[in-house]
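Below is one structure; the comments refer to it alone.
All residue numbers in this chain count up from 1 along the given sequence.
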Amino acid sequence: PPESSSYGGIGDSVQAVSQSMGRVGLNHGSGNAGNSYGNYSGRPASPPGAGPTQAEPAGLTETETSYEQQQYSLSEMDQLNDEADKMKGLGNKHMANQEYTRAYNAYSAALKLSPVGPSSHVYLSNRAAALLSLKRYSAAAVDARRAVALAPTFGKAHARLGQALYFLRDYEGAVAAYEDAVELEPDNSVTWTYLNKARQKLDKQRAKEEARAAAGGGYHEEASIDNTTYFGGAVSVATDPNNSAAVVGLGSRGMAPAG
């Protein structure tokens, strides 16, 4: 799905973000809202037609001026992260309503606001969940891997990577990802269930490979995957209402419920 910020209920929120950041001096240029999040100058932008920037007040040393600039930039970053969390919350609501394309766009907006912030791994992992629900497994695997790279101890990202690889028939990779997930979250019974399913698929795949190799032929996966195993049943990592924290949770270990 496109990442356009005008999809569904996202447009007004992103426009509000753009206006809010304009008030604190973030420079968006003349482009589309959301295309230049994070491109800020560290100082309020001068209004059109304004004269030269006013000099620093007399009496400030170079060190004091630098510290003031750093504090100003940190304040801007905090605002960006807060707005990104709002987009994440909107995405969570769309996920709960099974509006997966809108959820995808909301998480994308959060990532544009905070691509490498303190919760960016959550936005990536949640967007992977939306992509799983849209059956875009390759894209889901990319987002899950990016989330793992940002936060290696975030168990839900490993679980979503495992689910994406399962549907891509990479059972060996799925088993490895699920094993990482249960090591980080040993009490997650849903992930243990998926790990056992992936192990069974891998054992079956290897047995067929060995049999065909012995017969002098190649191997081809014949059995189709029943998507209802994950997406139609009551225990999906991406859609199970009883395991919603696995979709939209926060924290480095992913144990906290959605905010």
Ignoring hydrogens, what is the shortest heavy-atom contact between Gly117 and Asn81? Give both atom names and the distance. CA-OD1, 4.2 Å

With sequence neighbours left out, the residues meeting side chain to side chain donor-acceptor pair (under 3.5 Å) with Asn196 are none

Against the six-membered ring of Tyr104, is Arg136 placed for a cation-pi contact (under 6.0 Å from the centre, within 45° of the normal)? yes

With rounding to the nearest 0.5 Å, note down the distance linking CD in Gln205 to CZ in Arg169. 10.0 Å

What heavy-atom pair brings Ser114 and Ala84 nearest, and what distance separates the two atoms? CB-CB, 3.8 Å

Examine distances only and state if a side-chain atom of Ser133 and a backbone atom of Ala129 form a donor-acceptor pair shorter than 3.5 Å. yes

Got a second to check how far Asp170's CG is from Ser138's OG, nearest 0.5 Å? 10.5 Å

Kindly give the heavy-atom pair with the smallest separation between Ala144 and Ala157, and that separation in Å. CB-O, 3.7 Å

Is there a continuous path of hydrophobic side-chain contacts, each under 4.5 Å between heavy atoms, that joins Leu168 to Tyr166? yes

Mind listing the closest non-hydrogen atom pair of Pro115 and Leu150 along with its distance? O-CD1, 4.4 Å

So, the side chain of His94 versus the backbone of Ala130: is there a donor-acceptor pair under 3.5 Å, distance only? no

Please answer whether the main-chain N or O of Gln163 pairs with a side-chain N or O of Tyr178 as donor and acceptor at a distance below 3.5 Å. yes

Please check if Val182 and Val148 belong to a single hydrophobic cluster, counting links between Ile, Leu, Val, Met, Phe, Trp and Tyr side chain heavy atoms closer than 4.5 Å. no

Salt-bridge contact Glu179-Arg199 (side-chain N to carboxylate O under 4.0 Å): yes

Could you tell me if the side chain of Tyr123 sits less than 4.5 Å from the side chain of Asp85, heavy atoms only? yes

In this structure, CG of Leu113 is separated from NZ of Lys86 (nearest 0.5 Å) by 10.5 Å

Is it the case that the side chain of Ser125 and the backbone of Val122 share a donor-acceptor pair, with hydrogens and angles ignored and the cut-off at 3.5 Å? no

Take Arg206 and Asp203, measure what salt bridge (charged side-chain N to carboxylate O under 4.0 Å, His left out) needs, and give me the verdict at the end. CA-CA 5 Å; Arg206 285 174 173 171; Asp203 290 343; 5.0 Å; no

Do Lys197 and Lys201 come close enough that some side-chain heavy atom pair is under 4.5 Å? no

Examine distances only and state if a side-chain atom of Tyr107 and a backbone atom of Asn92 form a donor-acceptor pair shorter than 3.5 Å. yes

Measure across Thr191 and Ala159 and return the closest heavy-atom pair with its distance rounded to 0.1 Å. OG1-CB, 4.2 Å

Please check this pair: side chain of Asn188 against backbone of Val190, looking for a donor-acceptor N/O pair closer than 3.5 Å. yes

Kindly indicate whether the side chain of Arg146, heavy atoms from C-beta on, has any atom under 4.5 Å from the side chain of Arg127. yes

Please examine the side chains of Lys88 and Asn126, heavy atoms only from C-beta on, and report whether any two atoms are closer than 4.5 Å. yes

Is there a path of hydrophobic side-chain contacts, each under 4.5 Å between heavy atoms of I/L/V/M/F/W/Y residues, joining Tyr137 to Val142? no

Locate the shortest heavy-atom distance separating Val175 from Leu195; write the atom from each residue and the value. O-CD1, 3.7 Å

Residue pair Leu165 / Arg145, side-chain heavy-atom distance below 4.5 Å: yes

Would you give the length of the straight line joining atom NE2 of His158 to atom OG1 of Thr153, rounded to the nearest 0.5 angstrom? 7.5 Å

